[in-house]
Amino acid sequence: ILNVEQSPQSLHVQEGDSTNFTCSFPSSNFYALHWYRWETAKSPEALFVMTLNGDEKKKGRISATLNTKEGYSYLYIKGSQPEDSATYLCAFLKTSYDKVIFGPGTSLSVIP
Amino acid sequence: GAVVSQHPSRVICKSGTSVKIECRSLDFQATTMFWYRQFPKQSLMLMATSNEGSKATYEQGVEKDKFLINHASLTLSTLTVTSAHPEDSSFYICSARDDGSRTGELFFGEGSRLTVL
């Protein structure tokens with residue numbers, strides 16, 4: 001059984017604060033780690049696809065890092081805005097055509 | 001960007017009836033699609049991997065006769081909840097992998113809220 005875990009489960013921050021969450025996954029047989037953002041009443045959307053140990057990716061105020069040897073990824077949001085409020089999901093694949101297993105998500109609320 | 005359409009978005013049915021949910025990739029081909037179920041306050045639980053032209057691969061504990069999956073074309077997968085019961089009430093969401101994409105991210109439908117009375 002693959003365990004993909006995320007912490008914290010939920011987070012409330014003030015507008016302008018920076019924040020980060022963690023995704024942990026099995027460190028053996030790694031192919032890719034995805035991050036998705038799921039806003040209420042919308043479909044989950046991919047933020048990052050990460051495949052190499054040491055990868056760092058950035059999209060605007062959001063960035064992510066990857067450590068495949070120890071099995072974790074961090075997602076950072078700089079200067080949180082209310083529109084960042086969403087559930088952030090990470091997902092793990094062992095091979096390129098493997099099933100995609102999701103973590104439980106981190107629910108972020110940014111208070112204006 | 002790639003679009004996946006899922007419908008119906010909401011369905012209410014009587015116990016014992018069957019409900020079909022469709023998942024279509026609108027602007028790309030998807031040999032592989034995934035069906036997930038979300039229980040209240042929980043994450044996405046993978047039910048099955050749908051493969052065009054072959055049988056779906058079901059996760060442990062998911063009844064294949066209960067949740068029939070058909071992936072008849074490169075743009076359409078359907079999930080049929082057969083003889084639905086109240087415990088099948090849930091949020092079901094599909095996702096598709098673009099055959100032409102090297103990055104492999106998933107594109108999701110809007111989800112379907114099933115309520116079985």
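We name chains A, B, ... by the order of the sequence lines, and we start the count at 1 in each one.
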Chain B contacts, top residue of P44(A), A41(A), A91(A), A32(A) (heavy-atom pairs, under 4.5 Å):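 Most pairs with chain B among the choices: P44(A).
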Region of F48(A) in contact with chain B, defined by heavy-atom distances below 4.5 Å: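 It is neither, since no heavy atom gets under 4.5 Å.
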Check for me whether the distance between the ring centres of [X] and [Y] falls short of 6.0 Å.
X	Y	answer
F102(A)	F92(A)	no
Y36(B)	F91(B)	no
F30(A)	F25(A)	yes

Aromatic plane relationship, Y74(A) with Y76(A) - under 30° parallel, 30 to 60° tilted, over 60° perpendicular: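 Geometry flag for Y74(A) against Y76(A): perpendicular rings.
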For chain A, the option from L106(B), L46(B), L44(B) that forms the most heavy-atom pairs under 4.5 Å: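 So the answer, after comparing L106(B), L46(B), L44(B), is L106(B).
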Interface moiety of T32(B) toward chain A, non-hydrogen atoms closer than 4.5 Å: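 Looking at T32(B), nothing touches chain A.
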Interchain contact, Q6(B) with chain A, by part (heavy-atom threshold 4.5 Å):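 For Q6(B), no heavy atom lies under 4.5 Å from chain A.
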Min side-chain heavy-atom separation M50(A)-K57(A) under 4.5 Å: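 Heavy-atom side-chain distance check passes, below 4.5 Å.
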